[in-house]
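Each remark here refers to the structure printed beneath this line.
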Amino acid sequence: MIKNITLDELKEMDNKEGLIIQGCGGDLKEWEEGINELLTDVNILLEGDKFKNIYAFENEGLTNLLFDMEDVKLNIGKLAIWRLQTRETFGSTWLSDYRVNNLNIEENFEEPQL
């Protein structure tokens, strides 16, 4: 199910990671089903799983979808490659990168304990 959120809500998602698809026109349900099907077909989504928590938001005149990766069985390595390969087609990016590059949010990464 797709939930509409504001940019302020997106800015607060500092403990999440997800895949953002930019410039989603038309029926958002078709985007949800299409991305889930596509990523299943290329063995990124595993064991019949799919993205369950999807958020729609608008920024700079574009409708964008955030596919929350929490509790989703996926091959993260394959997803990373797919994201790079579809950057031009879907404007695909990570939530953390979008927050830094589009919303001017500074990520607070904890230093590893040695």
Discussion item. Assigning hydrophobic clusters by single linkage (Ile, Leu, Val, Met, Phe, Trp, Tyr; side-chain heavy-atom cutoff under 4.5 Å), is Phe51 placed with Leu10?
Written reply: no
Worksheet item: Rounded to the nearest 0.5 Å, how far does OH of Tyr55 lie from CD1 of Ile2?
Response: 12.0 Å
Worksheet item: Is the backbone N or O of Thr6 less than 3.5 Å from a side-chain atom of Glu9, with the two atoms forming a donor-acceptor pair by type?
Response: yes
Discussion item. Quick check: is Phe90 connected to Ile76 through a chain of hydrophobic side chains (ILVMFWY, heavy atoms under 4.5 Å apart)?
Written reply: yes
Worksheet, complete the sentence: d(Leu45 CG, Ile35 CD1) to nearest 0.5 Å is 10.0 Å
Worksheet item: Within a radius of less than 6.0 Å around NZ of Lys52, do more than 12 heavy atoms belonging to other residues, nucleotides or ligands occur?
Response: yes
Discussion item. Are Leu74 and Trp82 connected into the same hydrophobic cluster when the rule is that any two of I, L, V, M, F, W, Y join if their side-chain heavy atoms are below 4.5 Å apart?
Written reply: yes
Worksheet entry | Whether Lys50 side chain and Thr40 backbone form a donor-acceptor pair below 3.5 Å | no
Worksheet item: Does Leu95 belong to the same Ile/Leu/Val/Met/Phe/Trp/Tyr cluster as Phe57, with side-chain heavy atoms less than 4.5 Å apart forming each link?
Response: yes
Discussion item. Please check this pair: side chain of Thr86 against backbone of Ser92, looking for a donor-acceptor N/O pair closer than 3.5 Å.
Written reply: no
Item to complete: Check whether any side-chain N or O of Arg83 sits under 3.5 Å from a backbone N or O of Thr93 as a donor-acceptor pair, and report yes or no.
Response: no
Practice prompt. Output the distance between atom CG (Asn36) and atom CD1 (Ile44), rounded to the nearest 0.5 Å.
Written response: 11.5 Å
Item to complete: Enter the distance from Arg99:CZ to Glu12:CD here, rounded to the nearest 0.5 Å.
Response: 8.0 Å
Worksheet entry | Nearest-0.5 Å distance, CD1 of residue Ile54 to CG of residue Leu28 | 10.0 Å
Worksheet entry | Evaluation steps, side chain to side chain contact (heavy atoms under 4.5 Å, CB included), between Leu7 and Leu103 | CA-CA 8 Å; Leu7 286 180; Leu103 303 176; 4.0 Å; yes
Pair up each side-chain donor or acceptor in residues 59-69 with any protein partner under 3.5 Å, not counting sequence neighbours, and list the distances.
from: Asn59; atom 1: ND2; to: Tyr98; atom 2: OH; distance (Å): 2.8
from: Thr63; atom 1: OG1; to: Glu58; atom 2: OE2; distance (Å): 3.2
from: Asn64; atom 1: OD1; to: Gly23; atom 2: N; distance (Å): 3.1
from: Asp68; atom 1: OD1; to: Glu70; atom 2: N; distance (Å): 2.9
from: Asp68; atom 1: OD2; to: Lys16; atom 2: NZ; distance (Å): 2.9

Item to complete: Is it possible for you to say whether Leu79 and Leu84 belong to one hydrophobic cluster, with membership spreading through side-chain heavy-atom contacts below 4.5 Å?
Response: no
Worksheet item: Quick one: does Lys78's side chain get under 4.5 Å of Val42's, heavy atoms only?
Response: no
Worksheet item: What do you reckon, is CD of Glu17 surrounded by more than 12 foreign heavy atoms closer than 6.0 Å?
Response: yes
Practice prompt. Please go through Ile81's hydrophobic cluster and name the other residues, only I, L, V, M, F, W, Y counting, with side-chain heavy atoms under 4.5 Å joining them.
Written response: none
